[in-house]
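Counting convention: from 1, in listed order, for ligands and their atoms alike. Because the structure is a prediction, the values reported are computed rather than measured.
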Amino acid sequence: MALVKNVKIKQMNRKIDVLLGLQWGDEGKGKIVDVLTPEYDIIARFQGGPNAGHTLEFNNIKHVLHTIPSGIFHANKINVIGNGVVIDPVILKREILALSKYNIEPSANLFISKKAHLIMPTHRTLDAAYESFKKDKKIGSTLKGIGPAYTDKVARLGLRIGEIFSEDFKQKYNITKDHHDKILAGYNYTESYQEYESEWFEAIEFLKGFLFIDSEKFFADVLKTNKKILAEGAQGALLDIDFGSYPFVTSSNTTTAGVCTGLGVAPSRINEVYGICKAYCTRVGSGPFPTELNDEIGQTMRDNGNEYGSTTGRPRRCGWLDMVALKYSVNLNGVTKLIITKADVLSGFDTIKVAMNYKIDNALIDYVPFEMNNDIIPDYIELPGWNQDISNCKSKIDLPEELINYLSFIEKETGVPVEYLSVGPDRTQTIKTK
Ligand code: GDP
Ligand code: IMO
Ligand code: MG
């Protein structure tokens, strides 16, 4: 009896680690997941869709993933697209085919949750129609159909990818499409989606050759073994549908809570939460950004950091680190370990600023307010910068003292240790700081 009890306790201790963005996306999640993958057996995406662009660089290869988890370049690792993800079959097919030039053949190690929802061609058209309706209040969506696909999921009109095998799939598709056509007619929005539709159905046929799972059962079974799982976030905490700068957000829960609903695992299964943030801030698309720099400092960050969107190519807005927002994200996600990226981009600034409070109507606040609007004035402190090129540094002892102090400052303010520092886009440009 005692033995049975012990076994049970042991199984309950098996957990999932999480890695997610603490800012407005593009923190370097793809790069770091790729670096951490050797420690894991399974990498799983739990939310978002092809609005994500996760860049991996190694052996002179630079590759951007949108739907496929960032563990795919490591042989024998399983990559799961969870039920919380929305899938555009056309984009997923293109992504799979683009891997063949590296001899990566994901049909054996890419598992897709049957419950993941499909992005239909009309979802993309609706995305464009809604954005044009918003005029100067545009969200700056990637226009991949993310919002409309999640809307239909909640409205109970969506199509799950597991349904592609059912006989009445086309019929169900047409019912939802008719609904979309009515909305589009109401908007007088006439952009044609027919060409994309035929590509879409071809891609559906192509995907039928892949492995479909019930992710909640899959993870329940895996958690009875010794296999290690890493959940990979998309976007960032400040784009979360509930806690981001609404309405300038994406349509999913990008925070740790999203792992539970997006893979089908209980909250008690969450172990380490790696929170990743840049040494400064960027944002692509519209919405408030208190520390944004519309001057040559911001332009230097954009140039040095090559801050152009991985999915859309749009220039990213750049600004100093926002400690108010960072603490908010650390708390929301229960971050246990921090990863700071793009520290190399700050080399050469005499001083580095960090926003410690927000000034609104001349009053200082140290928390993210209900309305995060453009009236917020950041209250900065200044820290000494460093001059040397750090992109070839291999360990903590190679780093300039000012950077070590910057990391200690972030640790002290957030109460979370900085576990890794990234000093360049390549896999090898990663320093374990603990
Ligand atoms: P993700 O969406 O969080 O995966 O991030 P993206 O791939 O969209 O954007 C991060 C960009 O910064 C990519 O071009 C990466 O190759 C690059 N990158 C990642 N880490 C570093 C770093 O430490 N230094 C520099 N200079 N570039 C980095
Ligand atoms: P990764 O995973 C940065 C932004 C868009 C827009 C808003 C809503 O690469 O970090 P959506 O397409 O979801 O309707 O867009 O969210 N956005 C991202 N910004 N990185 C991303 O993903 C993003 N995914 C969406 O620019 O402002
Ligand atoms: Mg990105």
Side-chain angles (χ1 to χ4, degrees), residues 19-35 45 47-58 61-67 69-70 85-86 88 119 123-124 126-128 130-131 134 138-151 232-241 244-252 254 276-280 282-289 301-317 339-347 389-391 393 420-431:
L19 183 144
L20 38 69
L22 299 179
Q23 296 164 321
W24 283 286
D26 303 331
E27 298 88 349
K29 298 176 290 295
K31 173 199 157 156
I32 300 294
V33 169
D34 172 59
V35 168
R45 277 276 305 270
Q47 48 67 236
N51 49 351
H54 294 182
T55 315
L56 285 68
E57 283 195 42
F58 55 93
I61 292 172
K62 178 175 176 171
H63 192 80
V64 182
L65 295 164
H66 300 287
T67 325
S70 301
V85 175
V86 285
D88 182 330
I119 300 176
H123 285 139
R124 293 163 58 97
L126 284 168
D127 222 353
Y130 293 151
E131 278 285 73
K134 289 185 178 124
K138 281 187 185 32
I139 288 163
S141 167
T142 60
L143 301 178
K144 303 292 177 200
I146 306 293
Y150 278 118
T151 302
E232 172 182 1
Q235 291 80 54
L238 305 176
L239 288 171
D240 182 276
I241 181 73
S245 42
Y246 194 89
F248 301 99
V249 293
T250 191
S251 299
S252 63
T254 58
I276 178 164
C277 78
K278 288 181 190 180
Y280 51 100
T282 65
R283 172 164 206 169
V284 61
S286 336
F289 180 178
M301 288 176 178
R302 189 172 305 114
D303 293 342
N304 294 356
N306 190 25
E307 293 295 0
Y308 295 89
S310 313
T311 298
T312 58
R314 292 177 292 178
R316 294 179 184 140
R317 302 154 64 192
I339 299 168
I340 308 293
T341 59
K342 305 195 94 158
D344 53 304
V345 176
L346 290 188
S347 290
D389 173 8
I390 57 165
S391 57
C393 291
Y420 290 95
L421 179 74
S422 174
V423 293
D426 196 85
R427 229 185 226 174
T428 56
Q429 292 174 297
T430 317
I431 298 173

In L239, I139, T142, the residue satisfying side-chain contact (heavy atoms from CB on, under 4.5 Å) with T250 is L239

Tell me yes or no: between the side chains of Q235 and Q47, is some donor less than 3.5 Å from an acceptor?
yes

What's the shortest heavy-atom distance between I390 and S347, and which atoms?
CG1-OG, 3.8 Å

Got W24 and V284 here, is their nearest side-chain heavy-atom distance under 4.5 Å?
no

Say whether, by atom type as modelled, one donor and one acceptor occur between the side chain of D240 and the main chain of T254 under 3.5 angstrom.
yes

Treating E131 as the side-chain partner and G140 as the backbone partner, does any N or O pair qualify as donor plus acceptor under 3.5 Å?
yes

Nitrogen or oxygen atoms of R314 and ligand 2 under 3.5 Å apart:
yes

Of K29, E307, R427, which has the heavy atom at the shortest distance from atom 1 (P) of ligand 1?
K29

Could you check whether any side-chain N or O of Y280 sits under 3.5 Å from a backbone N or O of V345, counting only pairs where one atom can act as donor and the other as acceptor?
no

Note: V249, heavy atoms under 4.0 Å from ligand 2, region reported as backbone

If you scan protein heavy atoms around atom 9 (O) of ligand 1, the nearest is R316 NH2, 3.4 Å

Starting from atom 9 (O) of ligand 2, which protein heavy atom do you reach first, and at what distance in Å?
G53 N, 2.9 Å

Within ligand 1, which atoms have a heavy atom of G28 less than 4.0 Å away?
1 (P), 3 (O), 4 (O), 5 (O)

Counting heavy atoms only, which of T142, T250, I241 comes nearest to atom 13 (O) of ligand 2?
T250

Output the atom name for the N/O/S atom of D26 with the smallest distance to the Mg ion (ligand 3).
OD1

Atoms of ligand 2 close to W24 [distance to a heavy atom under 4.0 angstrom, numbered from 1]
3 (C), 19 (N)

Contact atoms of ligand 2, heavy-atom distance to K29 under 4.0 Å
1 (P), 2 (O), 10 (O)

for atom 10 (C) of ligand 1, nearest protein heavy atom and its distance come out as D26 O, 3.6 Å

Answer yes or no for G53: is there an N/O/S atom below the 2.8 Å cut-off from the Mg ion (ligand 3)?
yes

Can you find an N or O of D127 that's nearer than 3.5 Å to an N or O of ligand 2?
no

What do the steps show when you test E232 against H54 for side chain to side chain donor-acceptor pair (under 3.5 Å), and what is the final call?
CA-CA 10 Å; E232 172 182 1; H54 294 182; 2.7 Å; yes

Look at R124 together with D88 and state whether they make a salt bridge at an N to O cut-off of under 4.0 Å.
yes

For ligand 1, which atoms have a heavy atom of E57 less than 4.0 angstrom away?
16 (O)

Do ligand 1 and A343 have nitrogen or oxygen atoms that lie under 3.5 Å from each other?
no

With atoms numbered from 1 as shown, which atoms in ligand 2 lie under 4.0 angstrom from a non-hydrogen atom of G140?
5 (C), 6 (C), 26 (O), 27 (O)

Below 4.0 Å, non-hydrogen atoms only: which portion of F248 touches ligand 2? Side chain, backbone, both or neither.
neither

Distance-minimising heavy-atom pair for P288 and F248:
CD-CD1, 3.9 Å

Starting from atom 27 (N) of ligand 1, what is the nearest protein heavy atom, named by residue and atom, and what distance separates them?
K342 CE, 3.3 Å

Which segment of L239 sits under 4.0 Å of ligand 2 when only heavy atoms are counted
side chain

Check: S310/D26 side-chain N/O donor and acceptor closer than 3.5 Å:
no

Under the 3.5 angstrom rule, does the side chain of K31 hit a backbone N or O of D426 as a donor-acceptor pair?
yes

Test of proximity, K144 against ligand 2: N or O pairs below 3.5 Å
no

R317 vs S286, side chain to side chain donor-acceptor pair (under 3.5 Å): CA-CA, chis, key distance, verdict:
CA-CA 9 Å; R317 302 154 64 192; S286 336; 6.0 Å; no

May I ask you to identify the nearest protein heavy atom to atom 22 (O) of ligand 2, giving residue, atom name and distance to one decimal place in Å?
Q235 NE2, 3.4 Å

Determine whether a donor-acceptor pair (N or O, by modelled atom type, separation under 3.5 Å) exists between the side chain of R427 and the backbone of I32.
no

Considering only heavy atoms of A52, which atoms of ligand 2 have at least one such atom less than 4.0 Å away?
1 (P), 2 (O), 9 (O), 22 (O)

Out of all atoms in ligand 1, which are within 4.0 Å of some heavy atom of S310? Include the element for each.
6 (P), 7 (O), 8 (O), 9 (O)

Nearest candidate to atom 11 (P) of ligand 2, where distance is taken over non-hydrogen atoms, out of G48, S141, G21
S141

Mind checking whether I146 has an N or O less than 3.5 Å away from an N or O of ligand 2?
no

For atom 20 (N) of ligand 2, what is the nearest protein heavy atom, given as residue, atom name and distance?
D26 OD1, 3.0 Å

Mark up the atoms of ligand 2 that fall under 4.0 Å of a heavy atom belonging to I139, in ascending order.
6 (C), 7 (C), 8 (C), 27 (O)

In this structure, does ligand 1 have an atom that sits under 4.0 Å from one of the heavy atoms of G424?
yes

Flag S251 as yes when one of its N or O atoms lies below 3.5 Å from any N or O atom of ligand 2, and as no otherwise.
no

S310: heavy atom below 4.0 Å from ligand 2, yes or no?
no

For V284, counting its heavy atoms only, list the atoms of ligand 2 lying under 4.0 Å from any of them.
3 (C), 5 (C), 19 (N), 26 (O), 27 (O)

Under the 3.5 angstrom rule, does the side chain of S391 hit a backbone N or O of V423 as a donor-acceptor pair?
no

Filtering G53, G30, P425 for the heavy atom nearest atom 18 (N) of ligand 1 leaves P425

Ligand-side contact atoms (ligand 2) for residue partner A234, heavy atom cut-off under 4.0 Å:
2 (O)

Could you go step by step and tell me if K342 and T282 meet the side chain to side chain donor-acceptor pair (under 3.5 Å) rule?
CA-CA 11 Å; K342 305 195 94 158; T282 65; over 6 Å; no

Nearest-contact summary for atom 20 (N) of ligand 1 - protein heavy atom, Å:
S422 OG, 3.5 Å

Does a salt bridge link E307 with R302, judged by any charged N lying under 4.0 Å from a carboxylate O?
no

Is it the case that the side chain of Q23 and the backbone of K278 share a donor-acceptor pair, with hydrogens and angles ignored and the cut-off at 3.5 Å?
yes

Side chain, backbone, both or neither: which part of V423 comes within less than 4.0 Å of ligand 1 when only heavy atoms are counted?
backbone

What is the nearest protein non-hydrogen atom to atom 19 (C) of ligand 1, stated with its residue, atom name and distance?
K31 CD, 4.0 Å

Which residue supplies the protein heavy atom nearest to atom 7 (O) of ligand 1, what is that atom called, and how far is it?
T55 OG1, 2.5 Å

for atom 26 (N) of ligand 1, nearest protein heavy atom and its distance come out as D344 OD2, 2.8 Å

Above 12 or not: heavy atoms from other molecules or residues under 6.0 Å from OH of Y246?
no

Could you tell me whether the side chain of R316 and the main chain of G285 form a donor-acceptor pair under 3.5 Å?
no

Side-chain heavy atoms of I241 within contact of S252, under 4.5 Å
no

